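All chains are named by letter (A, B, ...) in the order of the sequence lines, taking the proteins before the strands, and each is independently numbered beginning at 1. These numbers come from a predicted model, not from an experiment.
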Amino acid sequence: MKIATWNINGVKARIDSLLTWLGEAKPDVVCLQEIKTVDDGFPVEAIENAGYNVAVHGQKGFNGVAILAKTRIEDIVRGLPGDPADEQARYIEGSVTAGHRSMRIGGLYLPNGNPLGTDKFAYKLAWMARLNAHARALLATEQVFVLAGDYNVIPEPVDAKSPKDWLGDALFQPESRQAFQRLLALGLTDAIRCGHPGAGVYTFWDYQAGAWQKDNGIRIDHLLLSPQAADLTNASGIDRYTRGWEKPSDHAPAWVELAD
DNA sequence: ATGCCTTGTCGCACAAGA
């Protein structure tokens with residue numbers, strides 16, 4: 001089963017690219033972030049015609065996440081547990097079953113957190129603490145699960161072409177990186193890092209200053225696997241070629257292939 | 001040091017992204 005994550009930066013602006021990529025990459029499950037639409041605006045029909053079921057957690061103008069799956073999506077939860085007052089659409093979770101195997105999929109869009117010293121950065125760290133608590137609850141069930149999405153965290157210097165450029169950025173703050181490490185310390189596996197231990201493995205290239213042309217990227221989209229999922233891993237990768245398309249998202253899809 | 005692009009918005013400039 002191939003599970004992918006893609007910050008698509010506007011699903012309505014990117015629907016043609018999404019359909020092309022679905023046809024080529026043929027993922028079984030896709031977590032989308034930054035769909036930038038309310039539920040009613042999501043292009044459900046076009047995606048269903050491509051052979052996918054849809055679960056959406058949208059928001060007007062910003063944020064918004066969704067899960068697409070070739071199989072049924074069951075027991076859907078919208079919103080990250082832990083703060084009923086949080087109205088930002090950044091988390092959706094559901095179960096998919098392929099053959100005899102069932103797994104839980106969490107799709108997340110972690111807050112950017114810039115600029116430092118504002119409530120935005122505090123919100124990012126609070127959100128990461130909630131994610132940690134929720135990951136612990138999922139781990140206690142001992143099931144196969146994947147937490148996939150735009151984490152907005154550069155885990156290590158090797159995950160940036162030019163680490164010094166990010167020293168003052170929320171994505172590369174010690175607090176952000178430590179919170180990410182605390183997720184790994186729970187026993188989760190960073191699927192992309194595990195399969196691609198070297199440098200130059202990026203998922204995001206800024207639109208500005210020719211970042212793509214210079215390969216000035218960062219790795220901020222991650223798939224974290226439960227131990228039961230990590231045991232099934234066959235391969236992982238980044239479909240960076242989509243970043244070279246016309247009107248691209250600034251993120252490329254990342255994926256992991258688990259044994260059926 | 002700043003903007004560099006891109007999307008969406010009750011557009012005609014701005015917020016937010018990273």
Give every donor-acceptor pair under 3.5 Å between a side-chain atom in residues 108-117 of chain A and any protein atom, sequence neighbours left out.
residue  : atom : partner  : partner atom : Å
A:Tyr109 : OH   : A:Glu34  : OE2          : 3.4
A:Asn112 : OD1  : A:Asn114 : N            : 2.8
A:Asn112 : OD1  : A:Asn114 : ND2          : 3.0
A:Asn114 : OD1  : A:Ala170 : N            : 2.9
A:Asn114 : ND2  : A:Asp169 : OD1          : 2.9
A:Asn114 : ND2  : A:Asp169 : OD2          : 3.2

Task: Rounded distance (Å) that lies between atom C1' of B:dT6 and atom CH2 of A:Trp205 - done: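 Atom CH2 in A:Trp205 sits about 17 Å away from atom C1' in B:dT6.
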Nearest-angstrom distance, [atom1] atom, [N] to [M]:
{"N": "B:dA16", "M": "B:dG3", "atom1": "P", "result": "16 Å"}
{"N": "B:dT6", "M": "B:dA18", "atom1": "C1'", "result": "12 Å"}
{"N": "B:dC4", "M": "B:dG17", "atom1": "C1'", "result": "14 Å"}
{"N": "B:dT2", "M": "B:dT7", "atom1": "P", "result": "26 Å"}

Just list the side-chain donor-acceptor pairs under 3.5 Å for residues 141-149 of chain A, sequence neighbours left out, or say none.
residue  : atom : partner  : partner atom : Å
A:Thr141 : OG1  : A:Leu138 : O            : 2.5
A:Thr141 : OG1  : A:Gln143 : NE2          : 3.0

Task: Check: B:dA18 base within 3.5 Å donor-acceptor of A:Asn112 side chain - done: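 Yes.
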Open item on the list: Please give me every residue in residues 60-68 of chain A whose heavy atoms get under 4.0 Å of an atom in DNA chain B, ordered by residue number.
Closed with: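 DNA chain B contact set from residues 60-68 of chain A: A:Lys60, A:Gly61, A:Phe62.
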- [ ] Select base, sugar-phosphate, or nothing to describe what A:Ala209 touches, counting heavy atoms under 4.0 Å on all strands.
- [x]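 Contact class for A:Ala209: base.
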Open item on the list: Using a heavy-atom cut-off of 4.0 Å across all strands, would you classify A:Asn216 as base, sugar-phosphate, or nothing?
Closed with: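 No contact at all - A:Asn216 keeps every heavy atom at 4.0 Å or more from the nucleic acid.
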Open item on the list: By nearest heavy atom, map A:Val38 and A:Leu171 onto DNA chain B; which one lands nearer the 5' end?
Closed with: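 The 5'-side residue here is A:Val38.
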Task: Side-chain N,O (A:Tyr109) to OP1/OP2 (B:dA18) below 4.0 Å - done: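 Yes, because at least one side-chain N or O of A:Tyr109 sits under 4.0 Å from OP1 or OP2 of B:dA18.
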Task: Parallel, tilted or perpendicular, as decided by the 30° and 60° cut-offs, for the rings of A:Trp212 and A:Trp205 - done: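 Perpendicular: the ring planes of A:Trp205 and A:Trp212 meet at over 60°.
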